[in-house]
Amino acid sequence: MPKRLILLTGGFDAEILVRHFRQANPHIPVTWVRTLDDLMLAADRGPPARLISFCNGVIVPQSLLARMDGPSYNVHPGPPTFPGRYPECWGAYLGARRFGATLHVMLPRVDEGEIIDTRWVDMPPDAGQRLYSREGFRAATRLLIDWSMPLATIDGGFPANGERWEGRKWRLADIHELALIGDDVDEAEFERRRRAFAEIPGCSLRIERHGRVFTYIVPADETPAG
């Protein structure tokens with residue numbers, strides 16, 4: 001049994017996930033952290049821990065992974081066919097008919113570790129960023145809850161399920177490139193990019209006209225149907 005767990009995730013889901021781990025194993029300490037600095041402090045405060053990252057963009061260096069108790073695991077809110085940043089955007093832009101989430105071993109390079117399990121979900125035609133984001137997060141949550149018992153009670157690593165990472169590993173720079181709307185973008189392509197990159201409040205498109213760039217930010221009360 002692991003001596004303790006460290007959960008690296010945002011505050012919006014931490015309490016629910018911590019509760020599932022404690023229900024799976026009432027005897028294991030669970031520490032929740034948000035940032036790399038918090039993780040480094042938590043790693044120093046006790047015996048080696050199993051690290052679990054959930055829907056979190058923090059890249060953990062090898063020096064810190066080596067201090068953890070056995071393999072560390074990440075839940076990626078996208079399937080193995082969409083490694084890298086913002087899989088929901090690329091799922092929407094490319095019109096993926098299957099989406100989901102991936103549980104995999106953490107390595108210093110993102111989305112390259114052995115895949116332990118996946119959850120797949122069928123997507124309707126013309127779904128947008130918001131729906132891909134929602135379904136990816138739901139699949140990720142189900143995946144981690146289903147694995148809460150073995151992660152909290154079984155030492156060592158888990159066998160890979162045989163799936164492999166596929167396709168391009170998307171970067172933040174790729175988002176910035178396609179979220180810039182130039183004069184050469186027609187109406188159909190504009191709508192395709194809006195659905196993929198600017199459906200969720202706080203997301204944005206940049207529009208270039210007459211040598212100037214204007215930024216459109218999706219307001220909090222505008223959530224187009226996905």
Side-chain angles (χ1 to χ4, degrees), residues 1-80 82-83 87-88 99-121 132-163 165:
M1 182 180 76
K3 298 179 179 65
R4 62 184 180 122
L5 298 179
I6 297 178
L7 178 64
L8 176 61
T9 189
F12 55 88
D13 40 49
E15 292 185 3
I16 295 173
L17 298 176
V18 168
R19 184 167 66 246
H20 277 280
F21 283 120
R22 287 175 175 161
Q23 289 173 347
N25 184 353
H27 306 291
I28 194 168
V30 183
T31 302
W32 160 48
V33 297
R34 294 190 192 211
T35 68
L36 181 58
D37 287 342
D38 291 342
L39 174 58
M40 293 174 68
L41 290 173
D44 290 334
R45 295 173 179 170
R50 168 171 282 166
L51 172 62
I52 302 163
S53 177
F54 177 79
C55 298
N56 189 288
V58 173
I59 298 175
V60 181
Q62 176 59 36
S63 58
L64 190 51
L65 289 175
R67 296 168 54 190
M68 298 299 162
D69 184 12
S72 297
Y73 296 96
N74 178 58
V75 177
H76 172 69
F82 287 96
E88 71 279 5
F99 203 63
T102 310
L103 173 67
H104 66 94
V105 174
M106 289 182 69
L107 296 178
R109 291 176 60 86
V110 300
D111 300 341
E112 291 190 3
E114 281 194 327
I115 295 172
I116 307 304
D117 200 2
T118 53
R119 289 292 181 275
W120 292 92
V121 59
Y132 280 92
S133 177
R134 185 179 70 192
E135 292 303 317
F137 181 77
R138 285 180 174 175
T141 302
R142 290 195 300 268
L143 189 57
L144 191 56
I145 289 174
D146 287 348
W147 276 86
S148 59
M149 178 68 76
L151 286 169
T153 59
I154 299 175
D155 280 325
F158 301 100
N161 71 349
E163 295 193 74
W165 296 103

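Just so you know, residue 1 is the first one in the sequence shown, and it goes up from there. Quick caveat: nothing in here was measured; it's all calculated off a predicted structure.
A heavy-atom distance below 4.5 Å is not found between the side chains of Thr118 and Pro79. Side-chain atoms of Leu65 and Pro108, non-hydrogen and from C-beta on, do get closer than 4.5 Å to each other.
For the atom pair Asp69 CG and Leu51 CG, the distance stands at 11.0 Å (nearest 0.5 Å). Between the CG atom in Asp38 and the OG1 atom in Thr31 there is a gap of 11.0 Å [rounded to 0.5 Å]. A distance of 6.0 Å separates CG of Leu144 from CD1 of Ile52, quoted to the nearest 0.5 Å. To the nearest 0.5 angstrom, His104 atom NE2 is 12.5 Å from Glu163 atom CD. Here Leu5 contributes atom CG and Ile28 contributes atom CD1; the two are 3.5 Å apart, rounded to the nearest 0.5 Å. Remark: Ile16 CD1 to Ile145 CD1 distance equals 7.5 Å, nearest 0.5 Å.
Ser53 approaches Met106 most closely through the heavy-atom pair CB-SD, 3.9 Å. Summarising the geometry of Thr102 relative to Gly78, their closest heavy-atom pair is OG1-O, 2.7 Å, with the distance given to 0.1 Å. Minimum interatomic distance between Pro71 and Val105 (heavy atoms only, all atoms of both residues): CB-CG1, 4.3 Å. Of all heavy-atom pairs spanning Ala140 and Cys55, the tightest one is CB-SG, 3.8 Å. Taking every heavy atom of both residues into account, Pro77 and Pro87 meet most closely at O-CG, 3.5 Å. Minimum heavy-atom separation, Ala24 to Ser148: CB-O, 3.7 Å.
Using bins of under 30°, 30° to 60° and over 60° for the plane-to-plane angle, the ring pair Phe99/Phe82 lands in the tilted bin.
With hydrogens and angles disregarded, a donor-acceptor distance shorter than 3.5 Å links the side chain of Trp32 to the backbone of Thr9. A donor-acceptor contact shorter than 3.5 Å is absent between the side chain of Trp120 and the backbone of Ala139.
Between Arg50 and Asp155 there is no salt bridge, since no side-chain nitrogen of the basic residue lies less than 4.0 Å from a carboxylate oxygen of the acidic one.
A distance of 6.0 Å or more separates the ring centres of Tyr73 and Trp147.
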task: Give the C-alpha distance, both sets of side-chain angles, the deciding distance and a yes or no for side-chain contact (heavy atoms from CB on, under 4.5 Å) between Leu64 and Leu36.
output: CA-CA 10 Å; Leu64 190 51; Leu36 181 58; 3.9 Å; yes

- prompt: Going through the distances and angles, do Leu39 and Met68 end up as a side-chain contact (heavy atoms from CB on, under 4.5 Å)?
  reply: CA-CA 11 Å; Leu39 174 58; Met68 298 299 162; 4.0 Å; yes

- request: Please test Val58 against Thr35 for side-chain contact (heavy atoms from CB on, under 4.5 Å), starting from the C-alpha separation and ending with a verdict.
  value: CA-CA 7 Å; Val58 173; Thr35 68; 5.6 Å; no

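With sequence neighbours excluded, the residues forming a side chain to side chain donor-acceptor pair (under 3.5 Å) with Arg138 are Glu135, listed by chain and number.
Checked against Phe54 for a side-chain contact (heavy atoms from CB on, under 4.5 Å), the options Leu143, Asn74, Val75 give a single hit: Val75.
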